[in-house]
Amino acid sequence: MPHDTPLISTIVGGLVLAFIFGALAHRLRMPPLVGYLIAGVLVGPHTPGYVADQSLAPELAEIGVILLMFGVGLHFSLKDLLSVRGIALPGAVVQIGFATLLGWGLGALMGWPTGGSLVFGLALSVASTVVLLKALQERRLIETERGRIAVGWLIVEDLAMVLALVLIPAAASIGGDGHGPVEPLSAGLNSLFGLDLGVGGMIAMTLVKVALFVALMLVFGRKLIPWTMHRIAHAGSRELFRLGVLAIALGVAFGAAKLFGVSLALGAFFAGMVLAESELSHRAAQESLPLRDAFAVLFFVSVGMLFDPNILIDRPLPILATVFIIVIGKSVAAFLIVLAFKKPPGTALTISASLGQIGEFSFILAALGVELGLLPEEGRDLILAGAIISIIVNPLLFFLCDRARPLLEGARREETVAEPASAADVGAVQEQAPPEDDDVRPTALTGHAILIGYGRVGRIVGQNLKSSGTPFLVIEDSDKRIGELKAQGIEAYMGNAVARETLDLANLSSARSLAIAIPNAFEACRIAEQARSANPSILIVARAHSDAEVDELKQYGADTVIMGEREIALGMVDRLAQVHHESVSYEDRQEPATIIPTGTAPPERQ
């Protein structure tokens with residue numbers, strides 16, 4: 001068997017270099033995405049040394065696009081979007097239109113055709129899902145008003161780009177230059193009946209097929225897909241469940257493209273959105289995450305392979321203009337739009353910083369534009385250069401916005417105070433305009449318990465803590481569970497407890513106990529280690545699945561480690577002993593035992 005196969009060498013070369021440069025980017029406090037793009041540049045045809053297979057890389061990248069959009073669909077929440085629709089929908093539409101207009105103007109100045117200039121402008125108008133969500137998570141803004149507006153804005157942008165991916169090929173097919181694909185249904189009507197539907201007819205046919213696909217997914221898919229996943233889950237095979245998630249994502253995307261002529265991205269998005277309504281959506285997201293991340297990395301590597309670094313020397317002014325549109329033009333437009341909706345300056349700054357970059361959809365639109373003969377290759381290189389530079393600059397943009405926020409809000413308060421008003425008017429304004437309270441603040445609890453994770457195990461622990469009157473809070477990374485906890489009046493924080501910033505919100509130094517209910521032993525060890533260093537006297541209880549995990553967790557600071565299999569075995573032995581040795585009668589417990597507070601402090605750690 002030959003070992004020098006193009007597929008293996010492309011995957012290995014891409015992943016290894018992506019790991020090296022992604023780790024280096026992370027070390028320099030930049031998004032790893034920058035490292036992935038640089039790795040793609042190094043294995044591309046425009047740089048010396050190893051060159052990856054140019055035909056296989058785009059196909060691997062297509063799988064990455066499918067899984068990325070499937071992940072976006074899994075996190076799509078119609079409820080969250082509707083809560084901020086009053087600003088996210090019109091704001092995103094206006095911002096997309098403004099950025100597209102700026103990009104069209106730049107393309108026209110460079111002599112590009114109208115179609116190419118519009119594709120260029122659209123590519124500059126949409127922010128990266130990966131970069132935006134990463135930035136909001138790092139700053140603990142997902143659950144704030146600013147975060148919800150940013151995510152809602154992003155969802156509207158994504159939906160607009162999904163529609164663009166459908167309409168651009170249909171519009172390109174009427175150009176008469178032979179580049180654009182012919183819409184099959186329109187071509188069939190033309191050959192059979194001699195009907196020329198024209199531009200409007202072809203776009204209408206495309207929209208009809210998309211509407212038919214969406215209807216089938218919402219009527220039948222939302223019942224069939226969750227039912228299938230529940231049946232697979234009841235089979236008890238984790239491997240089969242993971243395979244089912246991937247089969248649904250890839251199968252629906254491929255079927256949508258072949259049967260309805262819509263993009264693979266649209267099919268994957270709706271597959272994820274339908275599955276998101278199931279209780280298994282969180283588990284599906286976790287099971288598909290490793291493969292999704294791996295192919296997403298290959299997607300960014302393949303994008304980097306297309307970039308010609310020589311454009312940085314040959315066309316510096318167009319690159320500066322492109323970066324200006326992305327970082328300054330979009331951000332200023334978003335800032336003014338949010339202010340126009342009477343939102344605080346802090347919210348406007350966060351939204352503007354979040355949108356000051358481009359990413360996945362920009363790459364997809366650029367590749368589609370070049371493939372259809374609409375966008376010149378120079379335009380694709382400008383988009384790639386603008387993406388890399390804007391992603392690198394984005395953390396700096398957030399830093400500047402964080403510094404400017406107190407100044408703007410202070411000036412706004414002074415301006416409000418300077419305006420003459422009666423005491424009654426001031427009281428009315430204070431009642432109608434509550435202060436901006438969208439920052440995540442540390443808990444005020446002391447002597448409390450901290451519960452990490454609210455899954456099957458964490459839920460039982462939390463219910464017992466609540467019934468016993470023990471003050472506690474929960475750290476959880478599932479937005480659905482966070483909503484459930486807040487509905488019950490339980491204090492909860494969204495995020496990964498591995499991050500020290502998230503743990504600090506729980507007031508570790510004043511807590512009496514920490515229960516780590518997540519099944520991931522690697523993350524549990526890091527949490528225990530950080531908690532022990534912050535509070536040497538805290539009681540740490542964790543869970544494990546093996547003796548090795550028990551030893552490791554104790555080594556990193558856990559006081560008590562409960563191994564599930566051992567406790568199950570002891571329970572079974574106890575029940576058998578009561579039958580065979582006539583022990584005390586056994587009573588089945590319908591409810592778990594209640595934790596009774598002792599009123600004494602946990603023992604000091606030796």
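Under the 4.5 Å side-chain criterion, counting only non-hydrogen atoms from C-beta, Leu375 is not in contact with Leu368. Counting heavy atoms from C-beta outward, Thr350 and Val338 have side chains that stay 4.5 Å or more apart. Between Ile149 and Lys343, the closest side-chain pair of non-hydrogen atoms falls below 4.5 Å. The closest side-chain heavy-atom distance from Leu250 to Ile63 is below 4.5 Å. Here the side chains of Ile351 and Leu355 are in contact, with some heavy-atom distance below 4.5 Å. Between Leu218 and Met273 there is a side-chain heavy-atom pair separated by less than 4.5 Å. Taking 4.5 Å as the limit, every side-chain heavy atom of Leu365 sits out of range of all side-chain heavy atoms of Ser362. Proximity of Leu106 to Trp112: side-chain heavy atoms (C-beta onward) are nowhere separated by under 4.5 Å.
Residues Ala92 and Glu157 approach most closely at CB-CG, 4.3 Å, considering heavy atoms. Heavy atoms only, all atoms of each residue included: Leu124 and Lys330 are closest at O-CD, 2.9 Å. Pairing each heavy atom of Trp153 with each of Ile87, the nearest pair is CZ3-O, 4.3 Å. The shortest non-hydrogen separation linking Ile66 to Ala249 is CG2-O, 3.8 Å. Heavy atoms only, all atoms of each residue included: Gly35 and Ala25 are closest at N-CB, 3.9 Å. Closest approach of Gly103 and Phe120 over heavy atoms only: O-CD2, 3.4 Å.
Classification of the Phe213-Phe260 ring pair by plane angle, with boundaries at 30° and 60°, yields tilted.
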#### Entry: Stepwise side-chain contact (heavy atoms from CB on, under 4.5 Å) test for Met161 and Ile364
CA-CA 10 Å; Met161 293 306 111; Ile364 299 171; over 6 Å; no
### Test side-chain contact (heavy atoms from CB on, under 4.5 Å) applied to Val119 and Ile168, step by step
CA-CA 8 Å; Val119 172; Ile168 289 174; 4.2 Å; yes
### Task
Decide yes or no on side-chain contact (heavy atoms from CB on, under 4.5 Å) for Ile225 and Met217, but give the supporting numbers first.
CA-CA 9 Å; Ile225 291 177; Met217 290 297 294; 3.9 Å; yes
### Task
Determine, step by step, whether Val301 and Leu15 satisfy the side-chain contact (heavy atoms from CB on, under 4.5 Å) criterion, reporting the C-alpha distance in whole Å, the side-chain angles of both residues, the deciding distance to 0.1 Å, and the verdict.
CA-CA 8 Å; Val301 170; Leu15 291 180; over 6 Å; no
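Salt bridge annotation for Glu377-Arg380: present, with a cationic side-chain nitrogen under 4.0 angstrom from a carboxylate oxygen.
Within the 3.5 Å criterion, the main-chain N or O of Leu122 finds a donor-acceptor partner in the side chain of Ser125. With Thr47 contributing its side chain and Leu42 its backbone, the two residues share a donor-acceptor pair below 3.5 Å. The backbone N or O of Ser354 sits nowhere less than 3.5 Å from a side-chain atom of Asn394 that would complete a donor-acceptor pair.
Between atom CD1 of residue Ile391 and atom OH of residue Tyr36 there is a gap of 11.5 Å, rounded to the nearest 0.5 Å. Between the CD1 atom of Ile328 and the OG atom of Ser352 there is a distance of 10.0 Å, given to the nearest 0.5 Å. Atom CG in Leu298 sits 10.5 Å away from atom CG in Leu67 (nearest 0.5 Å). Distance CZ/Arg526 to CG/Asn520: 10.5 Å, rounded to 0.5 Å. Between the OG atom in Ser390 and the CD1 atom in Ile358 there is a gap of 5.0 Å [rounded to 0.5 Å]. The structure places OG of Ser331 at 12.5 Å from CD1 of Ile325, a figure rounded to the nearest 0.5 Å.
Few gaps surround CZ on Phe341; more than 12 heavy atoms of other groups in view lie less than 6.0 Å from it. Heavy atoms of other residues, nucleotides or ligands lying less than 6.0 angstrom from CH2 of Trp104 number 12 at most.
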